[in-house]
Asks: 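Starting off with a structure, shown below.
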Amino acid sequence: MKLRAVISAGLAGCMVFAALGIGARSWAMAHVRRWSGRPELGFVTCNHCHLQNLEKIAWAKPHPGHASPAGLVASPDGKKLYAALDELDEVVEIDVIAQKVARKVRVEGAPFGLAIGDSGERLFVACRDKDRVVAISTRELRMVDQAEVGDGPVAITFCKTAAGDRLVVANSNSDNASILAAEPLKEIARPRAGREPYAVAPSPDGSSVFVANRLAVPETYLSVAESELTVIDPAGGRIKKRALLHSAHLAEGAAVVPGRDWCLVPIINVRNLVPITQVANGWVMSSGLALQEANGRLTQLPLDEAHAFFADPSGIAVHPSGKIAAIASGGSDTITILDLERLACWLGKSSGEDRAEAAQDLTLSPEYVLARVPTGRNPRQLTFSPDGRILFVAERLDDSVAFLNTETWQTLGRIRMGNGGLDDPIRRGERVFTSAAHTFQRQFSCRSCHPDGAVDGLSYDFDGDGIGDNLVDNRSLKGVAGTEPLKWIGKNPTLEIQCGPRFARVLMRTDPIPDPELRDLTTFLRSQPPANWKGPRRAPLTTAQERGKAIFFATKTSAGTPIPRGRQCHTCHRPPLFTNRLLASVGSKGARDSTDMFDTPHLLGVGLSAPYLHDGRAKTLEELWTIYQTNDLHGVTSYMNKHQLNDMIEFLKTL
Amino acid sequence: MSSRPHLSRVGTALCGTVLVIAFLGACRERPLEGALVVTQAPARGARLAGKADILDRRYPPGSRVVLVSKVGAETRSLVLSPGLLAAGGPVVSPDGQRILFAGRGASEDWQIYEANLRGAKPRRITSMKGGAAMPAFINNRKIVFCSLEGTPDLYAQVDEEDPVRLTFRPQGASDPAVLRDGRILFASKWSSSNAQGLFTINNDGTELTPFALDRDGAAHVERPRESSNGRILFVARNDREAWGESVRLARPFATRERLDLPPGSCVSIEPAEDDSILACLAPAGKSSSVIARLKGGSAAQVAATFDDPAWNEIEAVPVLARTVPMGHISAVLPGKRTGTILCLDANFTRRAAGAKALPRAVRVRVLSGDAGRPQPLGEVPLQPDGSFMAEVPADQPIGFESLTAEGQVLQRIAPSIWVRPGENRTCLGCHEPYNRSPRNLRPMAVTSPPHKFGVEPRQIARGNP
């Protein structure tokens, strides 16, 4: 009797729970359909719209900084070397003779680029995260002056002009350069550069400063990428020339050759318009060098060889004699030494056709490459001592600076400022991210397409789903944590799947990244905050941005007509990540696309991730709605006038 | 009280186990320092009754593979191919623990054998109809070798699984070697010349690419090997002599070099540690060949390493652990029977300086079948930028003819390339310059689906014949 009662109660309980479960599921589906305005949706878990807390996302949590050298500069007498440690907010002074760190000074705001005045008394520091330049007295090693500049200053140079001493700063996030009077520090002009200015180099006579820009400015859809080499008169900030580097980007260094009036810019020769059917022979990209001569002639040369590649060329330095240049390849842990006299010889005998074809010729570089010198992890910046005897190399992910003998290219010594972060999975993951070791012939790294985790602004044709089909825009990895599924068609549920065997097959063309390294890599990626994340305390919105915010969250048009829930901006781009992580059709299917359902991208840092839409056809946010909007499928925007659209875009750029 | 002796016994047993494991581990790990795996042929060789194939001539009956090592001042030899009628062509595994070689038992074809370095009886690992030879390690589990029946082709095999055919050239493929970047290097005749060239493929047979020796090489190219200093070493041979050559990886079509070897015939060469070269030489006037070590690539620095007067030392391989070559995840789709060819510009071709420019091609005829009797699959019109894309049958020789509007053949590539099932293969042009990257342009041919010929691809045997 008792057993029967227990069984009956149990059965009844199960039925109640089952009924509750079925009811809850039905309610949840109805809830999702009602609030998304999409009756076709099936069951969607709650965390697509709820239970999201920015503070709990991996990238919002504090993570350890490391003594990773960014900018390097030597004192005019050659006795001191200064290194900027952006992750520790420090600048260190290294005694070159004793080969040890002598002093350090705290400089808040991620000190990144360094320059020194010709007297050696003032050190100038570009602080990437505080949008300012700081002057430091080298005698006391303390801050003596500062000035506001554009967003994300990463490089700075000093030059003497007829109008006085000048500093030129590359502002990577605001796409301009700041011209400052050196003493007292004061910004006198902020001319527009290309996209993501990243390196600056003055001519010896102070008449010009060359600004290398990291990304190509988006032009028409599927046009050849061209990044700009901006030539500025540093006296007043006037733009003298905008040279375009053909099919080139990721320029992170620039140097002028004394006596020859050449400006040298290491570049990546990108081939994103060619379907990725192979990697061999630099099919996807190869390393190169842009050479701008005083007469305006621009030649682009290969740095790689047919079976030996040197990924991610970054910093460049020219020997004081003007006979040798050194280029750091961050992805290959190598310095390439160029013989500039042999290069001049080749230029002298080459025809115009030879020069035009040079960038494609992987047999050419032995004409002018003198040596390949192995270094520590991720060499990024380098500089020669004023007497030319030592080449200093910032080995960023080893937390060290190497001293190389410029006659033998042997290592004279190494200053270790940290342990390379081997006990930190994020740092270990960054090593995987920046290394080309997992790509066929070490041709490129993750960073080659995602500079510092962001976008290269290009669209690619992967051949896994057919040649010419399903072109995809490169998506930022910054702020990627919590936004799964990944890929434009939402195929990959996790970063581990995204970066695992699939990627090895379609892009790297080697074995997959081994599991321990893959775990470190995904830990690193999840730690990357959105592109312009300034922490929880953000600047208040301007009036226009406030108006734009109201439009973004509007449920009615200006005329009071209700906007269907499924076409309100914030339904799909729901805060706090500004995505509901569902596939949606916004009328963007192209002729060669196999689907019209695409992943809803998050909008954090969207202002810095142009171009837009799944295939990158919209070069600006404006074009999303002025050119590529179809029947108000991508949110109802047809009621907006020009000012309302501008206001909304201003708001989007603050995310 | 009574548990103490019990604990003591357990402790002793544990310690003993640990010691045994440590001893076994120590015995297993280290490759033999300075040892060589050598192929020895009898100095007065027997002749095989009946018809002898190329391997029978290279490794006459009685040929054997031995381990030559030094113990103190004494040089010891250990036969690694006991029980076989003949053996040769040894290669050492990346971990330095095992070897592969071609061996022949009594009344058997040549097959691939695996052996350890302790002299145990070798294990046959292939059963190829017509025979197999010239093995190489792709990694510690996967090997590549050459078939011997009819036109030689390369096959890959994982452990005991069925071999998979990798090459489909009517001109054949032989002497595979695996480069550090994972590609398989092999020798094959050019379709338009009697000379042999060096080609590469991925380890799944995709991406056939000319590597070196542009129709100007020797009639025979043997045992190409990658050295640690960025060169490919190989033996070149014509009817009169054999010599050692090297070609630099950086500029493969421009920097060939004849090795400065002592007078006499070069039998084989092999890169060794410290950028030195092990060469088996048959000096003029001597009755047997010897092993010599070259340093700096110069005959002046040749040091005789080993010579057993009773034997001809014809191959010598150092026993070294080395980095496993890079892998390659295959994109081959075994269920598919076609692949896709995309040519970026069929009018892009290399011309000698001053040569007259060719008229522009407007279409391409795709050929299939043997080089001597090619069958046209059909014609594909070229896009205005010279590009075309076509779906072609997989795993069979494909060739091309570029044609003017009037049907004049401008360029011809006899059937000599292939695509694997599901492979997307791209070329820059027809007879285009080597080692070129493409220009960054989107070919017009990819704006529409690939051209299909409507020909049913014939079935190709891929497994163990």
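Because only heavy atoms are used, hydrogens play no part in the values below, and waters and symmetry mates are left out as well, while side chains stay in. Chain letters run A, B, ... following the sequence lines, proteins first and then strands; every chain starts at 1.
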Asks: For L179(B), which atoms come within 4.5 Å of any heavy atom of chain A: side chain, backbone, both, or neither?
Replies: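 Looking at L179(B), nothing touches chain A.
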Asks: Which residue out of A445(B), G327(B), P449(B), S437(B) racks up the most heavy-atom pairs below 4.5 Å with chain A?
Replies: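 Top count of heavy-atom pairs under 4.5 Å with chain A: S437(B).
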Asks: Just checking heavy atoms, which of residues 497-507 of chain A are less than 4.5 Å from chain B?
Replies: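 Expected list: P501(A), A504(A), R505(A).
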Asks: Apply side-chain hydrogen bond (donor to acceptor under 3.5 Å, both in side chains) to residues N440(B) and N272(A) and explain how you reach the verdict.
Replies: CA-CA 7 Å; N440(B) 190 21; N272(A) 64 306; 3.1 Å; yes
Asks: Checking A248(A) against chain B: side chain, backbone, both or neither under 4.5 Å from a heavy atom?
Replies: neither
Asks: In the structure I gave you, are the side-chain heavy atoms of R509(A) and N202(B) within less than 4.5 Å of one another anywhere?
Replies: no
Asks: Would E226(B) and H307(A) count as a side chain to side chain contact (heavy atoms under 4.5 Å, CB included) here? Give the steps.
Replies: CA-CA 12 Å; E226(B) 183 179 22; H307(A) 305 282; over 6 Å; no
Asks: Going by heavy atoms in the side chains, are Q441(A) and R183(B) under 4.5 Å from each other?
Replies: yes
Asks: What's the spacing between L364(A) CG and N435(B) CG if we round to 0.5 Å?
Replies: 12.0 Å
Asks: So, taking the atom named CZ in R436(B) and the one named CG in N281(A), what distance separates them when rounded to the nearest 0.5 Å?
Replies: 10.5 Å
Asks: As an exercise: rank N269(A), T510(A), V224(A) by heavy-atom pairs under 4.5 Å with chain B and give me the winner.
Replies: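 Ranked by heavy-atom pairs under 4.5 Å with chain B, first place is T510(A).
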Asks: Strictly under 6.0 Å, is that where the ring centroids of F440(A) and H328(B) end up?
Replies: no
Asks: Could you grab the distance from atom CD of E391(B) to atom CD1 of I467(A), nearest 0.5 Å is fine?
Replies: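 One gets 10.5 Å once the value is rounded to the nearest 0.5 Å.
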Asks: With chain A, which of T206(B), L428(B), T447(B), T340(B) has the greatest number of heavy-atom pairs at distances under 4.5 Å?
Replies: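 Of the options given, most contacts go to T447(B).
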Asks: Just how far is it from atom OG of S448(B) to atom CZ of R592(A), taken to the nearest 0.5 Å?
Replies: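 If we round to the nearest 0.5 Å, S448(B):OG and R592(A):CZ are 6.5 Å apart.
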Asks: T200(B) versus chain A, heavy atoms under 4.5 Å apart: side chain, backbone, both or neither?
Replies: neither
Asks: Given heavy-atom pairs under 4.5 angstrom as the criterion, report whether the side chain, backbone, both or neither of L342(B) touches chain A.
Replies: side chain
Asks: What's the separation between atom CG in N424(B) and atom CG in D465(A), rounded to the nearest 0.5 Å?
Replies: 9.5 Å
Asks: Please flag which part of P302(A) lies under 4.5 Å from any non-hydrogen atom of chain B: side chain, backbone, both or neither.
Replies: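 P302(A) has no heavy atom closer than 4.5 Å to chain B.
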Asks: Enter the distance from T426(B):OG1 to I276(A):CD1 here, rounded to the nearest 0.5 Å.
Replies: 11.0 Å
Asks: So which residue, V446(B), I329(B), T209(B), ends up with the most heavy-atom pairs under 4.5 Å with chain A?
Replies: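 Counting heavy-atom pairs under 4.5 Å, the top option is I329(B).
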Asks: Measure T439(A) against the heavy atoms of chain B and call it side chain, backbone, both or neither at under 4.5 Å.
Replies: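 Looking at T439(A), just its backbone touches chain B.
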Asks: If you compare all heavy atoms of Q360(A) against all heavy atoms of P438(B), which two are closest, and at what distance to 0.1 Å?
Replies: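 Result for this residue pair: CG-O, 3.8 Å.
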Asks: Using a cut-off of under 4.5 Å for heavy-atom pairs, which of R425(B), E207(B), E423(B) has the most such pairs with chain A?
Replies: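 The candidate making the most pairs under 4.5 Å is E207(B).
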Asks: State which residues pass side-chain hydrogen bond (donor to acceptor under 3.5 Å, both in side chains) with R439(B); sequence neighbours excluded, sorted by chain then number.
Replies: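 Per chain and number, R439(B) pairs via side-chain hydrogen bond (donor to acceptor under 3.5 Å, both in side chains) with E357(A).
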